[in-house]
Amino acid sequence: MSALHRLTILFLVLLSFVFVNLHAQNQIQKAEELLPKAEGEQRIVLLRELSKLYLDVNIDKSIDYLKEVVVLSSDVPANHATALYDLGNLYRRVNNFRRALDCHLQALEIRKNTSDELAVSASYNNIGEIHKILNKHKEALEYFNQSLKIRQKEGSEKEVAYTLNNIGSVYWLDKDYANALEYYLKSLEIRSKLGDKSDISSSLNNLGNVYKNLNKYNKALDYYKKALTLREELGDKSLIAYTLNDIGGIYWRLNNFNESLNFYNRALKIRRDLGNKRYTAATLKNIGTVYKDLNELDFSLKHYNESLKIYNEIGDLKEQANVYSLIGNLYSSYNNFDKSQEYHKIALNLHEKLGNAKGIAYSSNSIGEILMDYYKSDDALQYLESAYENANYSKDRNLQKTTSENLFEYYSNKGNYKKALEYYRNYSNTQYDSIVDQYDKNRISEFEAKYEISKNKEEIKGLKEYNRMQAILIYLFIVLIIFAGIIGYITNKNIKLRKETTATLTEKNQELEEINSRLKESDIILRDLNLTKDKIFNIISTDLRDPFIDLKNISTKLIESFNENDIEYQKSLAIGIRDLSDHTNDLVENILLWSASQAGKATFSPKYFNIRESINGVLQKLSGPIIEKNLKFIFNMDNTSMVYADSAAMSEVFKNLISNAIKFSYSEGKITLSAREKKYLVELEISDEGVGMSKSNLNKIFRLDNNYLALGTAQEKGAGIGLLLCKEYVEKNGGKIWAESEEGKGSSFYITIPKSEKIMESIPKTKA
């Protein structure tokens, strides 16, 4: 499209906008000119028209005109109730919920004395929606159920589905996901029958929200994608962006950060094009969180600041506070706890200003944790206690659990075990909620099953009706009354039988699926156990047996040599025994350590330590073979380089890797130890100029299903269990290990180690 073409289209759009605006202005002017002379019903009509015309121009004037309608229509109850109802909707539009509620309650009382039941149900529904906004969920449910009762008798199916959806949303806000799912599914069932794509997509999106909160992310994703397909068919960009944002959130929870960014950025583009600042800011905030989890901290801060700027522009204090909290968490990732506290305190002040108990609890807890864990300050107590009180007030179970746990830790550290026990009991009580949650999940499974069965029931019902009609047509003139009774009896028995059969089959299928799933899991576990068992037996039968055979042979030779009195020969045999003993000792130690780790008995206590100091300690232990081979060590590392990991485990890793480098190096060779400082990690390289490995052997060294053994330059035995132990320890300390090698040119082994506690926590760990 040419630039001239685009300019032409833009001009036409602006021209049409100006024309529509001028037309509206003309209508307002004419109506206001007529208003002073208008009386009675004519004045009411003009006032209503002016209220509509001012709706998108000046909402305050729109409200003022409708107020007069309320006064003038007071002598006709039905009209008076309608005017109050419409005024309530206007107040709701400007977020004046108290006045909106007052208007709707007045309208309801008037309508109760009329015969217009559907108008009564509309009032019940609107009052329920306002109570939901005001977080009065019990009252909201009462009004929604009143509305539903009337609509099920006299309303349209579309209205019934709408109210069912509203009831589901209240249960969802209350985290009662079993009931939420039940009502959402009932609403979807009606909407699917009516075929309204917009309503169906809303129900699908709501079901996605339920499964997201139940941590059933794949099921949530399925519902969101179905909703997205319908919304793209309808072309509603606002709703498309809404669902794209939801899908981005699911991929984030699944740790698929690339897909998450893809969907979030698609949502962001649409929201920016639509000029919806609030939702644009929300998506920017989400993108910032993804970048934080990717350890792209600069990008994360950039998006958080963009989001914060928009929330400042629109004056949304609650979301400003939330973003300040996120930035506070981000600075903790930098280990900049002063800055982190500063942002959490800004968030806390905003939450206190708003009276947001949940926000106060979160921010106070964040500040308290920093003061307790990093500054060891007694000031932590006032924040932790405030967090605990507000968590209980807000009834947020996760916050109640976290704040109880932190106060238990604080008082335990202070030696006040009576207080610590008190908060531990509170913490334990929160664990009871998980049992309640499991009960809800069981109910949810029940509703899902009922929903699937109901589909079959509809099919059975349709088939039954068809068969019955055929029978009536055939036997209409043959003993009609008698056969009708027989057919009814048979049909009812058939339905009952099919219903019982369907329920039984569904139950059996679920049992078979569960059994099959458990069998698959058991099969995987057994394969792993067999693999581990085979490896251990293989090590015992080769790695351990061979050294003992060699020891026996050398010992025999040593005993026989005493008759010859050859001191040099005896010395060489003694050295051989010593080397074999060292090798066997290392092998046994590695087997024991690796087996303990596999059994989950190895404990890791990470702390900060100096790499060079740890390596120096290892080199002292290996000084014997280093001196014998006259090896030269070259260090390319900063003596002050610090890392955060289990120092004992990493010392074993250094010992194994350096020992291998010694074994496979030629006499008077060179071994280089390099440490490269990355942004969040230290990369350690241990290189030798020894025998090297082929590509096929290189692929075997870290694998359990291969038994790769090699001889060093002085016939030392290497590889085997030691490298498996290295891989296990490195990955459990949040790092990675890999190797590069070329036959005849030497090998290089690389490991990464986190530089800080916070970075280590953000790195995905390999499961034991």
Side-chain angles (χ1 to χ4, degrees), residues 135 173 175 249 252 278 281-282 284-293 297 300-411 413 423 426-427 430 757-758 761-762:
N135 291 319
L173 289 169
K175 299 182 181 178
W252 171 69
R278 184 178 302 280
L284 284 165
K285 179 179 69 174
N286 292 338
I287 293 171
T289 300
V290 178
Y291 277 122
K292 177 182 180 292
D293 289 342
L297 304 184
S300 178
L301 187 59
K302 175 179 175 290
H303 283 84
Y304 282 153
N305 281 328
E306 283 185 50
S307 174
L308 186 60
K309 183 180 177 184
I310 296 172
Y311 283 132
N312 283 334
E313 287 173 8
I314 63 177
D316 191 327
L317 296 181
K318 185 177 179 181
E319 284 302 329
Q320 285 178 48
N322 291 336
V323 179
Y324 278 122
S325 290
L326 290 171
I327 296 174
N329 293 338
L330 188 64
Y331 275 111
S332 288
S333 299
Y334 283 111
N335 288 334
N336 188 339
F337 300 115
D338 288 340
K339 204 77 173 170
S340 178
Q341 271 197 100
E342 180 186 327
Y343 277 92
H344 281 305
K345 284 180 178 177
I346 295 171
L348 178 59
N349 288 335
L350 289 172
H351 285 309
E352 287 175 341
K353 186 176 180 180
L354 293 166
N356 180 8
K358 184 176 177 180
I360 294 169
Y362 181 83
S363 296
S364 297
N365 188 68
S366 298
I367 297 166
E369 281 183 346
I370 291 169
L371 290 169
M372 177 174 68
D373 294 337
Y374 301 104
Y375 293 101
K376 312 298 180 188
S377 171
D378 291 339
D379 293 340
L381 182 59
Q382 67 183 55
Y383 289 102
L384 294 176
E385 286 182 335
S386 172
Y388 176 75
E389 288 169 12
N390 283 281
N392 288 333
Y393 182 78
S394 68
K395 297 180 181 177
D396 187 290
R397 290 186 297 192
N398 288 330
L399 279 171
Q400 286 174 324
K401 177 181 176 181
T402 303
T403 54
S404 297
E405 188 177 13
N406 280 336
L407 281 165
F408 163 69
E409 184 182 344
Y410 177 86
Y411 282 114
N413 293 339
Y423 287 106
N426 293 331
Y427 169 76
T430 62
E757 179 179 3
K758 290 295 178 183
E761 288 171 359
S762 68

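Count residues from 1 along the sequence.
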task = For residues I360 and E389, determine if any side-chain heavy atom of one lies less than 4.5 Å from a side-chain heavy atom of the other.
result = no

ask   = So does K401 pair up with E405, basic N to acidic O under 4.0 Å?
value = no

request  = Could you walk me through whether M372 and L407 pass side chain to side chain contact (heavy atoms under 4.5 Å, CB included), step by step?
outcome  = CA-CA 10 Å; M372 177 174 68; L407 281 165; over 6 Å; no

Considering all heavy atoms, the nearest F337-S332 contact = CE2-O, 3.9 Å

inquiry  = Please report the interatomic distance CG(N406) to CG(L381), rounded to the nearest 0.5 Å.
reply    = 11.5 Å

query = In Å and rounded to the nearest 0.5 Å, what is the CG to NZ distance from N390 to K358?
reply = 13.0 Å

Results of salt bridge (Lys or Arg N to Asp or Glu O under 4.0 Å) for D316 - residues two or more places apart only = R278

ask   = Does a side-chain heavy-atom distance below 4.5 Å link Q341 with L371?
value = yes

ask   = Would you say S394's side chain and A391's backbone share a donor-acceptor pair under 3.5 angstrom?
value = yes

message = Can a donor-acceptor pair be found, under 3.5 Å and without considering hydrogens, that links the side chain of S404 to the backbone of Q400?
response = yes

task = Have a look at Y331 and tell me which of D338, I370, N336 forms a side-chain contact (heavy atoms from CB on, under 4.5 Å) with it.
result = N336

ask   = Just checking, is any N or O donor in the side chain of D293 or W252 under 3.5 Å from an acceptor N or O on the other one?
value = yes

remark   = Looking only at heavy atoms, the pair that brings A281 and Y311 closest together is CB-CZ, 3.5 Å

task = State whether a side-chain donor-acceptor pair under 3.5 Å links N398 with Y362.
result = no

N/O donor-acceptor pairs under 3.5 Å from side chains in residues 344-352, not counting sequence neighbours:
{"residue": "H344", "atom": "NE2", "partner": "N329", "partner atom": "OD1", "Å": "3.2"}
{"residue": "N349", "atom": "ND2", "partner": "K345", "partner atom": "O", "Å": "3.3"}
{"residue": "H351", "atom": "ND1", "partner": "N356", "partner atom": "ND2", "Å": "3.3"}

message = Could you measure the distance from the CD atom of E306 to the CG atom of L284? Nearest 0.5 Å is fine.
response = 5.0 Å

query = Just how far is it from atom OH of Y388 to atom OG1 of T402, taken to the nearest 0.5 Å?
reply = 13.0 Å

key: Step-by-step side chain to side chain contact (heavy atoms under 4.5 Å, CB included) determination, E409 to D373   = CA-CA 10 Å; E409 184 182 344; D373 294 337; 3.6 Å; yes

request  = Measure from the side-chain N and O atoms of N365 to the backbone N and O of A361, and report whether any donor-acceptor pair falls under 3.5 Å.
outcome  = no

message = Taking OH in Y393 as the centre, count heavy atoms belonging to other residues, nucleotides or ligands within less than 6.0 Å. Is the count above 12?
response = no

query = Could you go step by step and tell me if V323 and I327 meet the side chain to side chain contact (heavy atoms under 4.5 Å, CB included) rule?
reply = CA-CA 6 Å; V323 179; I327 296 174; 4.1 Å; yes

query = Can you tell me if T289 and Y304 form a side-chain donor-acceptor pair at under 3.5 Å?
reply = yes

ask   = For the atom pair OG (S325) and CG (L330), what is the distance rounded to the nearest 0.5 Å?
value = 12.5 Å

ask   = Going from CG on D379 to CD1 on I367, what distance comes out if it is rounded to the nearest 0.5 angstrom?
value = 11.0 Å

